Novice: 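One structure, as structure tokens, below. Some questions next.
Computed over heavy atoms, backbone and side chain alike; hydrogens, waters and symmetry mates excluded. Every value quoted in this text rests on a predicted model; they were computed, and no experiment measured them. Counting starts at 1 for both ligands and their atoms, in listed order.
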Amino acid sequence: MTHDPQRIAPPVGLLAELTHRCPLACPYCSNPLQLEQRADELDAAAWKRVFSEAAALGVLHAHLSGGEPASRSDLADIVAHCAKEGLYTNLITSGIGLTEDRVKALAGAGLDHVQLAIQDAEADSADRICGYQGAFARKIEAAAWIVAAGMPLTINAVIHRANVARAGKMVELAVALGARRVEIAHTQYYGWGMLNRAALMPGRGEAEAAIAEVEALRLKHAGVIVIDHVAPDYHARYPKACMGGWAKRSFNVTPSGKALPCHAAETIPGLEFWSVRDHSLAEIWTDSPAFNAFRGTGWMREPCRSCERKEIDYGGCRCQALALTGDAREADPACHLSPHHGAVAAVAMAAAGEGQDDLPAYVYRSAKLPEPAQ
Ligand code: SF4
Ligand code: FES
């Protein structure tokens, strides 16, 4: 499909996966099963060029993510460059790898905002989920350093079976930590999350109780903390506009420099991804085959093609459509108008193992590819 570059609006955000290295091993991680190696990572000079190109292209927000971006010793140098280019910088971190001095250095380099992930409101459970003893205590410390350095803090909490009963407690913890915002997001099943779906999926009743609890806290804490609430797809009526629409608002760049329309795009067979090593960001944004594959609405089939919501949710998530129907061109089956919607609800029930006590063990995220299921 061809697109007129004049008519393609510039992107707003760039999510830079600075590295796939991470001290934690969360089973819901959306990184691919085949993690990229340190030796293949873009160096600081290459990232600086990418961020300069991003600013010239109209990008406003630089999200520094991973893996764990603090695993890179040149993080503050990269932040300083982004700030010099006038980009709003947001660090997405587990907090592990930060020290008080590093937090001060990042603030001094111009870091605008920090999103700190927590796994639970209770230390034992939190440490078990991320597979790292003592992580919870270190995150609490990191939150205090971030607030003391004057940077606005958002707490990110991914909700799944092991912590769904404490969604409200995680909001209360975020308030206690001095966060201005908390994002409560029910797990999305990509990468390691898909591999661990049966161990992560909460029952419908548990998910609904958590949604009601968080919504009630939104009223209680109005004016104190902003609560962003990402409801679970598998129990939804309509899908979300994943990424705000494919190649519409933002893009991801992997540690080795591959530019992706979303973090799971590499799961879609047949897409051709361009690298920032070979192409400018401007070329990638307008001409990359992967970006044009699902841009706009021209690629849609029914029921999306004639649906009045097609420019609201853009047919939902291409990667989820692929994962659940085998075809990325289908409507996201989170949509109740999709012919596959009933099957998704059944998958959710089965994966949630309602009534079962024996849940599968986690396959923790690691550099080693998991063994194929027998
Ligand atoms: Fe969205 Fe397609 Fe469902 Fe319409 S049919 S609501 S465009 S996913
Ligand atoms: Fe790829 Fe949603 S994660 S389109």
Novice: Measuring only between side-chain heavy atoms, which start at C-beta, is L75 closer than 4.5 Å to L91?
Specialist: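 Yes - at least one pair of side-chain heavy atoms lies under 4.5 Å apart.
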Novice: Would E183 and N156 count as a side-chain hydrogen bond (donor to acceptor under 3.5 Å, both in side chains) here? Give the steps.
Specialist: CA-CA 5 Å; E183 182 179 305; N156 287 357; 5.3 Å; no
Novice: Under a 3.5 Å cutoff, is there a donor and acceptor pairing between the side chains of T93 and E68?
Specialist: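 A pair is found: one side chain offers a donor N or O, the other an acceptor, under 3.5 Å apart.
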Novice: What's within reach of atom 1 (Fe) of ligand 2, meaning protein N/O/S atoms under 2.8 Å?
Specialist: C262 SG, C319 SG
Novice: Can you check whether S94 reaches C130 side chain to side chain, under 4.5 Å on heavy atoms?
Specialist: no
Novice: What residues, two or more places apart in sequence or in another chain, satisfy salt bridge (charged side-chain N to carboxylate O under 4.0 Å, His left out) together with R218?
Specialist: E215
Novice: Only protein N/O/S atoms count here: give how many lie under 2.8 Å from atom 1 (Fe) of ligand 1.
Specialist: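 Count of protein N, O, S atoms less than 2.8 Å from atom 1 (Fe) of ligand 1: 2.
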Novice: Which residues pass the ring-ring contact (aromatic ring centres under 6.0 Å, His included) test with Y28, sequence neighbours left out?
Specialist: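 Y28 satisfies ring-ring contact (aromatic ring centres under 6.0 Å, His included) with H160 once adjacent residues are dropped.
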Novice: Under a 4.5 Å cut-off applied to non-hydrogen side-chain atoms, are N90 and L64 in contact?
Specialist: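 They are not in contact (no side-chain heavy atoms under 4.5 Å apart), so the answer is no.
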Novice: Is there a side-chain hydrogen bond (donor to acceptor under 3.5 Å, both in side chains) between R295 and N292 once you walk through the steps?
Specialist: CA-CA 5 Å; R295 181 171 256 145; N292 284 329; 2.7 Å; yes
Novice: Do S280 and E53 get their side chains close enough for a donor-acceptor pair, meaning under 3.5 Å?
Specialist: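 Result is no, nothing qualifies.
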